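Worksheet: the structure to be examined is printed underneath.
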Amino acid sequence: MNSIILLSLLTVINLFAGFSKNKNLSFILSFIGIAASAILLGILWNGNDVTNILAPNFINHMLSFDNTTIVFGVLLCVNASLIVLLLHSHEEPMDIPAAEFLTLVLTMLVGALCMVSYTNLTMLFLGLEILSISAYILAGAKKRDYRSNEAALKYYLMGAFTTGVFLFGVALIYGATGSFDVTEIAKYAALPNPQSIYYVGIILLMIAFAFKIAAAPFHFWTPDVYTGAPTLVTALMSTLIKTAAIVAFYRLFNTCFAGATNWSMILMIMAAITMFIGNVTAIVQTNVKRMLAYSSIAHSGYLLFALFALGNNSGASLLVYMAGYTFASILAFAGIIVVQHNMHSNDLNAFNGLGKRNPILAVCITIAMLSLAGIPPLAGFFGKFYIFTNALKADYVAISLWAVLMSCVGVYYYLRIVINMFFKSAEPDAKEFILPASYQIVMGICLCLVVLLGVAPGILSGLI
Amino acid sequence: MSTLLFYIFSLLTIVSAIGVVVSKTPINSILSLIATFFFISCHYILLNAQFLGIVNMIVYAGAIMVLFLFTIMLLNLNKDSEPQHNNFVKVSAVIASGMLLIVLLSAFKDTININHNTLAVVHTNQVGLLQNLGTVLFTKFLVPFEISSVLFIAGVVGAVVLGKKEIGE
């Protein structure tokens with residue numbers, strides 16, 4: 001709770017820091033704030049909740065910080081701080097000032113933390129809305145860019161509609177169970193004959209979450225929004241929002257609806273379709289950002305495995321997967337930003353001959369792509385490995401085979417960009433790319449983490 | 001008496017909601033929407049939620065509707081600017097919403113058999129009073145109440161940064 005209070009206060013302070021002559025002030029404030037909130041979360045490890053400054057019984061109805069929450073919360077904080085670092089030497093023209101941008105990143109983080117720690121559906125709804133509203137605005141951060149406007153509007157209209165669906169689901173579940181509290185809902189779910197409106201409520205919640213994590217058939221906004229939004233915001237959307245949404249999804253279904261699992265069939269079909277659409281459509285894309293958007297859809301399919309094959313290890317496998325995906329994605333998007341700045345294009349051909357012009361950058365992008373494709377011994381492999389093993393243990397053989405097949409399809413388009421970088425020659429007048437300092441730091445951190453989590457995934461999976 | 005009122009208000013709500021969808025001119029649509037909100041507020045009052053009813057009327061039937069009317073007048077809608085709908089979209093929309101209708105109808109059909117004592121709503125005539133609402137808002141729902149301020153900050157920041165005139169425009 002303290003971390004949420006800190007970040008909320010910081011959003012306001014940050015706006016005032018924007019008046020300062022010192023351009024670095026708001027960056028430093030945000031970075032320190034996010035780091036401090038990660039520490040405040042870490043203090044609560046193993047229920048060591050001694051630092052609450054508000055009367056705890058009001059909070060305990062709304063938020064709870066168990067170890068799963070804390071790990072994911074810290075992951076979100078690390079994710080946000082990496083994005084803040086990237087923004088510091090951001091070269092893509094952004095039409096909104098840095099202080100406001102950072103404020104929106106901080107509000108996003110507040111929403112995300114509410115979504116991983118809620119025990120009451122009102123908090124989940126508020127978290128979801130805070131996260132989404134900030135994301136709608138950030139998607140339109142390039143005000144003079146037609147594509148960015150389109151992305152913001154499309155995301156906003158679709159998202160507002162999904163909010164309606166979500167609220168309708170919550171209302172129906174409230175009607176059946178008489179409570180917003182997840183423990184009360186879980187008690188009702190354990191009863192023998194739930195009402196039909198309860199099931200309809202679950203389905204509607206499922207639709208809303210599927211939209212947020214971009215799972216088929218609710219993925220239609222993803223390619224346009226991811227391509228149109230500024231690349232840094234795309235990185236934020238495909239990592240932070242996805243983590244928050246999938247964890248909220250997991251928490252809800254793990255705590256409330258785990259008793260009666262007749263919804264798992266729907267999720268399984270959804271996962272199968274999502275993996276197919278994501279991976280197969282990504283093959284024909286020539287725009288790298290758009291390709292990563294489809295890849296992000298495909299990854300949602302793998303993430304759904306942790307939900308329909310719910311087990312004791314689901315949380316741990318979700319964590320390993322999400323951590324690997326987050327760091328690899330940030331690495332890839334950072335690379336794309338640099339290439340985009342130098343070549344003024346996101347096209348696959350813009351990456352031609354990058355292996356000669358900036359070998360380090362090319363190696364970074366290659367590692368990110370290999371990790372996303374799930375090649376051992378990188379982090380992405382172990383994420384997939386844990387998730388598929390869990391599914392196989394729970395006797396989901398056919399869907400696991402399908403997922404492995406789809407992963408193989410995925411390898412093709414991830415490797416295409418690697419081939420372009422190393423085996424195609426660049427235009428003759430090409431100059432060497434320069435990596436700004438903060439990019440070097442972020443890409444170094446991500447690279448280390450992707451390799452480290454690949455070599456020793458037990459560091460994370462042992463935590464929860 | 002209240003059952004009779006419920007049926008009257010429900011009928012009026014549904015009729016005006018259909019009016020929103022079928023009327024050709026946007027202004028008529030909006031006026032029907034105001035009527036819909038008004039009758040929904042009547043439902044709130046029937047449920048003893050007087051404060052919510054009044055707020056719903058002020059905020060939706062008042063403020064938001066005026067906003068809607070302004071927008072529509074500023075947009076200057078005419079036949080040319082109407083979006084084109086192709087038949088494929090129409091057919092798929094009909095199928096999808098028809099399926100949703102079937103699911104909802106079959107789900108709500110079951111609610112007839114519910115034992116009314118197990119229903120979620122605690123039906124006393126005190127429940128919607130401002131004092132009770134305030135007490136709940138500042139005790140049990142204190143955290144959501146405070147967190148919603150972050151939502152407003154995000155909204156305000158967004159409105160300012162997106163709506164602000166840049167230098168040179």
Side-chain angles (χ1 to χ4, degrees), chain A residues 1 4-5 7-8 11-12 15 54-55 57-59 61-63 95-97 99-101 103-104 106-108 110-111 114 120 122-123 125-127 129-138 140-141 143-144 149 152 168 172 174-180 195-201 203-204, chain B residues 47 64 83 89 92-93 95-97 99-123 127 135-169:
Chain A
M1 185 66 211
I4 291 176
I5 296 172
L7 287 170
S8 311
T11 55
V12 183
L15 285 176
L54 285 178
N57 54 332
F58 294 151
I59 295 167
H61 291 302
M62 297 294 159
L63 300 168
D95 289 335
I96 72 176
E100 276 85 337
F101 193 100
T103 303
L104 290 171
L106 290 175
T107 51
M108 221 168 178
V110 173
C114 291
N120 193 301
T122 48
M123 283 314 288
F125 172 68
L126 272 174
E129 275 308 280
I130 295 171
L131 186 82
S132 310
I133 297 259
S134 318
Y136 304 148
I137 301 158
L138 288 179
K143 274 197 296 191
R144 291 194 192 78
N149 293 345
F168 194 24
L172 289 181
Y174 182 79
T177 63
S179 179
F180 291 126
Q195 295 169 29
S196 324
I197 52 169
Y198 167 76
Y199 289 120
V200 180
I203 303 262
L204 292 176
Chain B
L47 286 169
I64 291 184
V89 173
S92 45
I95 292 172
S97 42
M99 282 164 91
L100 181 65
L101 180 72
I102 291 170
V103 169
L104 288 180
L105 275 182
S106 49
F108 286 116
K109 183 177 68 68
D110 272 13
T111 53
I112 296 170
N113 304 327
I114 293 173
N115 178 7
H116 285 269
N117 295 327
T118 63
L119 268 186
V121 181
V122 187
H123 208 79
V127 72
T135 313
V136 169
L137 207 56
F138 282 96
T139 54
K140 199 181 166 202
F141 287 92
L142 178 68
V143 178
F145 181 76
E146 297 291 348
I147 289 288
S148 60
S149 61
V150 181
L151 181 62
F152 296 132
I153 290 176
V156 169
V157 170
V160 171
V161 292
L162 292 183
K164 196 174 68 178
K165 220 173 194 176
E166 295 293 317
I167 302 156
E169 270 179 7

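All figures in this text were calculated on a predicted structure; none of them were measured in a lab. Naming: A, B, ... by sequence-line order, numbering from 1 per chain. As a basis for the values below, the full set of heavy atoms in this structure was taken, side chains included, without hydrogen atoms, waters or symmetry mates.
- Looking at B/Phe152, neither its backbone nor its side chain comes within 4.5 Å of chain A, counting heavy atoms on both sides.
- Closest approach of B/Pro144 to A/Leu126, counting heavy atoms only: O-CD1, 3.1 Å.
- B/Leu151 contributes atom CG, which lies 8.0 Å from atom CZ of A/Phe125 (distance to the nearest 0.5 angstrom).
- In this structure, the separation between CE on A/Met62 and CD on B/Glu146 is 12.0 Å, given to the nearest 0.5 Å.
- Looking at A/Leu15, only its side chain comes within 4.5 Å of chain B, counting heavy atoms on both sides.
- The choice from A/Ile130, A/Thr11, A/Leu106 that makes the most heavy-atom pairs within less than 4.5 Å of chain B is A/Ile130.
- Looking only at side-chain heavy atoms (C-beta outward), B/Phe108 and A/Leu172 come within less than 4.5 Å of each other.
- Scanning both residues, B/Ala154 and A/Leu104, for their nearest heavy atoms gives O-CD2, 4.0 Å.
- Atom-to-atom distance recorded for B/Lys140:NZ and A/Thr122:OG1 is 8.5 Å, nearest 0.5 angstrom.
- Only the side chain of B/Ile153 comes within less than 4.5 Å of a heavy atom in chain A; its backbone stays farther off.
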Could you go through the side chain to side chain contact (heavy atoms under 4.5 Å, CB included) check for B/Val143 and A/Leu63 one step at a time?
-> CA-CA 9 Å; B/Val143 178; A/Leu63 300 168; 4.2 Å; yes
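- For B/Val161, the parts lying under 4.5 angstrom from a heavy atom of chain A are both the backbone and the side chain.
- What you find for B/Val150 and A/Ser8 is that their closest heavy atoms are CG2-OG, 3.6 Å.
- With values rounded to the nearest 0.5 angstrom, B/Leu100 atom CG is found 10.5 Å from A/Ile203 atom CD1.
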